Number of protein chains: 2
Amino acid sequence: MRPFAFFERLSKAFHDYPSLSKILVVSTISGGGLIVYSEANPSYSNNGVETKTRKKKVVLLGTGWAGASFLKTLNNSSYEVQVISPRNYFAFTPLLPSVTCGTVEARSVVEPIRNIARKNVEMSFLEAECFKIDPGSKKVYCRSKQGVNSKGKKEFDVDYDYLVIATGAQSNTFNIPGVEENCHFLKEVEDAQRIRSTVIDSFEKASLPGLNEQERKRMLHFVVVGGGPTGVEFASELHDFVNEDLVKLYPKAKNLVQITLLEAADHILTMFDKRITEFAEEKFTRDGIDVKLGSMVVKVNDKEISAKTKAGEVSTIPYGMIVWSTGIGTRPVIKDFMKQIGQGNRRALATDEWLRVEGCDNIYALGDCATINQRKVMEDIAAIFKKADKENSGTLTMKEFHEVMSDICDRYPQVELYLKSKGMHGITDLLKQAQAENGSNKSVELDIEELKSALCQVDSQVKLLPATGQVAAQQGTYLAKCFDRMEVCEKNPEGPIRIRGEGRHRFRPFRYRHLGQFAPLGGEQTAAQLPGDWVSIGHSSQWLWYSVYASKQVSWRTRVLVVSDWMRRFIFGRDSSRI
Amino acid sequence: MRPFAFFERLSKAFHDYPSLSKILVVSTISGGGLIVYSEANPSYSNNGVETKTRKKKVVLLGTGWAGASFLKTLNNSSYEVQVISPRNYFAFTPLLPSVTCGTVEARSVVEPIRNIARKNVEMSFLEAECFKIDPGSKKVYCRSKQGVNSKGKKEFDVDYDYLVIATGAQSNTFNIPGVEENCHFLKEVEDAQRIRSTVIDSFEKASLPGLNEQERKRMLHFVVVGGGPTGVEFASELHDFVNEDLVKLYPKAKNLVQITLLEAADHILTMFDKRITEFAEEKFTRDGIDVKLGSMVVKVNDKEISAKTKAGEVSTIPYGMIVWSTGIGTRPVIKDFMKQIGQGNRRALATDEWLRVEGCDNIYALGDCATINQRKVMEDIAAIFKKADKENSGTLTMKEFHEVMSDICDRYPQVELYLKSKGMHGITDLLKQAQAENGSNKSVELDIEELKSALCQVDSQVKLLPATGQVAAQQGTYLAKCFDRMEVCEKNPEGPIRIRGEGRHRFRPFRYRHLGQFAPLGGEQTAAQLPGDWVSIGHSSQWLWYSVYASKQVSWRTRVLVVSDWMRRFIFGRDSSRI
């Protein structure tokens, strides 16, 4: 879509100023700046033949990682997609901590959602929030974020054939009193912008006359609650912002600033390798960031935050600003929907391995608002045995077992994970081990009890996927590809055989591929944990971080902007104007 | 100040990655990008010898054009400058209309005020609004924009030796009912940002279901009140934004959008040459912008705006958004101060030609909150005659007259303007003409009546300076230079002789040099009116506009950002994410 706009402008400009072409040649050769266009989404034109059948209406709730990658991938003109979200853009959330301190500008990390969808998919967008999902009547009820008139808010409903729920989650306050009212969260672009102006405000307030040292210190005391990647990255960004930029403009504030990180667990960055955790804790200590481990926040008021140590001691610290980044909670609309479909006691929507919401038809859920309920092998063991035992002999020959095994591995990924964790190369090793343990003869046949004992441990490998953008993005892409091939796969199913039913599953189940994770620690140092437990810490992984985050941008516009923001920061520092 | 930060970063980077130096050489040669540093403010170091005398305290209210250029120029370490403003940055206001549509980002047009002052001047900043000036006790009373605690706002007072008032003006609603509540203004960066999101909101609202065509049309009806440069530029920016960018994302909205410009006078851009006015009106008609001349707004409610034609007919139009840009009004703090010093019936603070507030000691006012009360020749005619008539003979010889004439021209710039307007080359022509008209002999001596009749017309040339950033910036520079040379000029005054007193004035009076004015009309076309009534309209003056506005940026940071914003807009179009 964009490239056309660009070429239009360009040709118009050439028409108006012929000398421009010379400049263009020169600048293309010297800088290569215009080559950026080589990637851009291919735009397919409609074949002109309008199919007479009514298009299936897909309603997509949410424009975060899951929703955007679904939209970016979906490439089948037989759908009409209706996107509903209170935000008309996709935000590259991993850069939000950078936005809080102006290392990257807010606008550099967002892309209008209308630019993201492919051109041959009929897509329309409604800037509204869904407040009720009614699976019975196949409707969602929405409310415009702003009043259509000054009197009240506008409500409407939308029908769907397929509903894709990708609304994400909200910050979790754990119902701790005062958190909602006094803390900043860091989920949305607006949050990051608010944090940025609050930081500047704190410095301006502390510069006013008539305050004693203690009051100034309180105002410049920044508390971060939660030692996860977001909290840690924000703390280090803030430390850099203060020490690289603000102390030059507010020299008196230098000795008054304090950053404190409260973490309820025994370490920060617990999801990372121990080496990274240790490095981060040491670096923070060197940097003067006060890391208080084992500190559980119990109360917040407008000036003080109270935390309890593991020993039960409650200490109260005055603060200027708190950023709360402890985990995610369920959005009201999802809570309400879960109650309707009998999942009321859960934290997130349960889906099967094909991202279909359990107990509903044509409703899919992905990203932070959902969790995949991986079917356990042991629950299905009888059916598995029956499926494999084609001759109904009551025992499985190795041949029978091998025939069904690749389907089993497809359907229950924990089997493969278990084999890997035990260092086994194939299912035969597992069976042999089981038979040896059971003391049975090395028979070539297997009965159900032997199968059970062979597989009894595998379900321990079932793990919930982390609530990250990486998971959500992969789910979005997966689901869009399923939608693209819905008809094809209806006829030629490509999934594993149905264990408790007939035939095969249409699609292979969703499988997450972890590509690694970064934890920027400030001072141009980043910790990276890559697949295979490969750990890298320091400047080199900072450059890796730069390149990965630049390449993962959703459009060339944001890519260019983010990179130029980094360059700007390097040359001019971060801006501290309070806008 | 900034260059040091940059070099620090650079040397740190070189230390960490030696290979960077190669890249730097290559990029410097190919792009020249790093040469940007050649200008930056020179930073003088203190001589180390601390003068024992107490520094004079200059309190500067405001960080707009006047305040910023005062700060940028002041270069005398014997002052301690206390800047007080609700905004801790200087905003390049001529680009605000561009900010409303995202052609330029808000952050690209602002620079922290602490970066603007020279390093050898001791400067501190307070983010607060002055609400009372007390010339008796030499104090200003201020209020922090935000509460220091959540309970209330923080008030404090600041002493001064010299007070420089540069608070600017506010939008003038002419007390028309409903304007304050329902219209957008365009004075501050925040206004521009609000307008930007309101424009996007309007398109999102009009895309919601359940609205009829009429309602959608109302939501997409943008009304601009005021046909001055700001209103005209906003209307054309909006037109470009809608037609170049938004229609692609909101194709259904294309035929519903309407832009209307209401102007009370008979033409838009009345301060410009007639050719420009005509061109602009024709271009707007071609573009489909509805220009309603002679339309005086009489009432605004939340959905409709009522305007009266010259014939007295009142018509009411439904609207989606109004931008009000009709002129400037007085800020409450200035109104209150004017009452105190007996200027209660004025629109702006009256100063003399040296920018000193009339009737006050050591208080200066400049920019939009002040007007210069040019002393009239005819008021002083007796004193002038007496001063010139050194021999007390009752008549002036030509020699006597010539001796005093350059001082007269300095003190009363209208004399020169009058001569110019009549095509005369010197004062002798004027005297000759007067004598000829009086029918008096061509005597070589002049009596007071002859002098009066020669000069009786000159005061008609006294004109108020326009309320533009250009005037304010020149005044700021002028005043800072006066402050710099305060002691030197006390001993060796350089101004004209005092007509009604003894000796000479310390400084030459402020003299405005008009450098021309631009009116961007959209579609890469700009009208420029340069000194000498040189008029240029079209693409070439658009490029002139680009270069002038880039060169006038207050820092290299903003210069680079503004230019890269223009490039980004050219390549990627304007962003329409609602943040």
Side-chain angles (χ1 to χ4, degrees), chain A residues 1-2 5-6 9 13 16-17 30-31 87-89 105-107 110-112 114-115 124-128 144 146 148-150 154 156 158 189-190 193 200-201 204-205 207-211 219 244-245 248-249 302-303 524 539 556-557 560-561 564 568 570-573 575-579, chain B residues 1-2 5-6 9 13 16-17 30-31 87-89 105-107 110-112 114-115 124-128 144 146 148-150 154 156 158 189-190 193 200-201 204-205 207-211 219 244-245 248-249 302-303 524 539 556-557 560-561 564 568 570-573 575-579:
Chain A
M1 190 172 279
R2 281 283 123 197
F6 170 64
R9 272 172 231 271
D16 297 339
Y17 323 101
S30 67
R87 272 164 292 282
N88 73 358
Y89 53 83
E105 286 304 322
R107 203 164 289 276
V110 302
E111 182 67 25
R114 289 180 178 81
N115 279 345
S124 60
F125 175 82
L126 296 175
E127 195 184 71
S144 166
Q146 34 176 342
V148 162
N149 54 42
S150 59
K154 170 81 183 164
F156 56 90
V158 178
V189 178
E190 288 94 335
Q193 289 176 307
I200 306 290
D201 275 351
E204 291 295 355
K205 278 197 284 189
S207 307
L208 292 176
L211 297 169
M219 286 166 189
E244 291 173 8
D245 301 287
K248 284 172 194 145
L249 298 186
D302 62 340
K303 281 188 176 173
E524 298 285 310
H539 292 299
W556 271 105
R557 190 189 65 86
V560 169
L561 289 185
S564 60
R568 170 185 55 69
F570 185 72
I571 301 176
F572 300 109
D575 181 38
S576 63
S577 304
R578 200 200 160 282
I579 56 165
Chain B
M1 192 172 280
R2 281 281 125 199
F6 171 64
R9 273 172 230 271
D16 297 338
Y17 322 103
S30 67
R87 271 164 294 281
N88 72 359
Y89 54 82
E105 287 303 323
R107 203 163 290 276
V110 302
E111 181 67 23
R114 290 181 177 81
N115 279 345
S124 60
F125 175 82
L126 296 174
E127 195 183 72
S144 166
Q146 33 175 345
V148 162
N149 53 42
S150 59
K154 170 80 183 163
F156 56 90
V158 178
V189 177
E190 288 94 336
Q193 288 175 309
I200 306 289
D201 275 350
E204 290 296 355
K205 279 197 284 189
S207 307
L208 292 177
L211 297 170
M219 285 167 188
E244 291 172 10
D245 301 287
K248 285 170 195 147
L249 298 186
D302 62 341
K303 281 187 177 175
E524 299 284 310
H539 292 298
W556 272 105
R557 190 189 65 86
V560 169
L561 289 185
S564 59
R568 169 184 55 70
F570 185 72
I571 300 176
F572 300 110
D575 181 39
S576 63
S577 304
R578 199 202 162 281
I579 58 164

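Quick caveat, the model's predicted, so the values are computed rather than measured. These numbers come from the heavy atoms of this one structure, side chains and all, not from hydrogens, waters or symmetry mates. Note on naming: letters A, B, ... go to the chains in the order of the sequence lines (proteins, then strands), and numbering restarts at 1 for each one.
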For the pair A:E204 and B:R114, evaluate salt bridge (Lys or Arg N to Asp or Glu O under 4.0 Å) and give the outcome as yes or no after the intermediate values. CA-CA 12 Å; A:E204 291 295 355; B:R114 290 181 177 81; 2.8 Å; yes
Pick from B:A128, B:S124, B:P209: which one has the most heavy-atom pairs with chain A under 4.5 Å?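 Going by pairs under 4.5 Å, I would pick B:P209.
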Among B:V110, B:V158, B:D575, single out the residue with the greatest number of heavy-atom pairs under 4.5 Å to chain A.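 Most heavy-atom pairs within the cutoff with chain A belong to B:D575.
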Within the distance-only criterion (no hydrogens, no angle test), does the side chain of A:R107 pair as donor or acceptor with the backbone N or O of B:S577 below 3.5 angstrom?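 Confirmed, A:R107 side chain pairs with B:S577 backbone.
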Side chain A:N88, main chain B:R578, donor-acceptor under 3.5 Å: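 Yes: the side chain of A:N88 pairs with the backbone of B:R578.
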State the CZ-CD distance between A:F570 and A:E244, to the nearest 0.5 angstrom. 10.0 Å
Toward chain A, the part of B:V189 with a non-hydrogen atom under 4.5 Å: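 Side chain of B:V189 only, per the 4.5 Å heavy-atom cut-off to chain A.
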Does any backbone or side-chain atom of B:S576 lie under 4.5 Å from a heavy atom of chain A? Answer side chain, backbone, both or neither. both
In terms of heavy-atom pairs under 4.5 Å, which option from A:E190, A:E105, A:R87, A:R568 contacts chain B the most?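 Answer, by heavy-atom pair count under 4.5 Å with chain B: A:E105.
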Testing the basics here: between B:K154 and A:G210, what is the closest heavy-atom pair and its distance to 0.1 Å? NZ-O, 3.5 Å
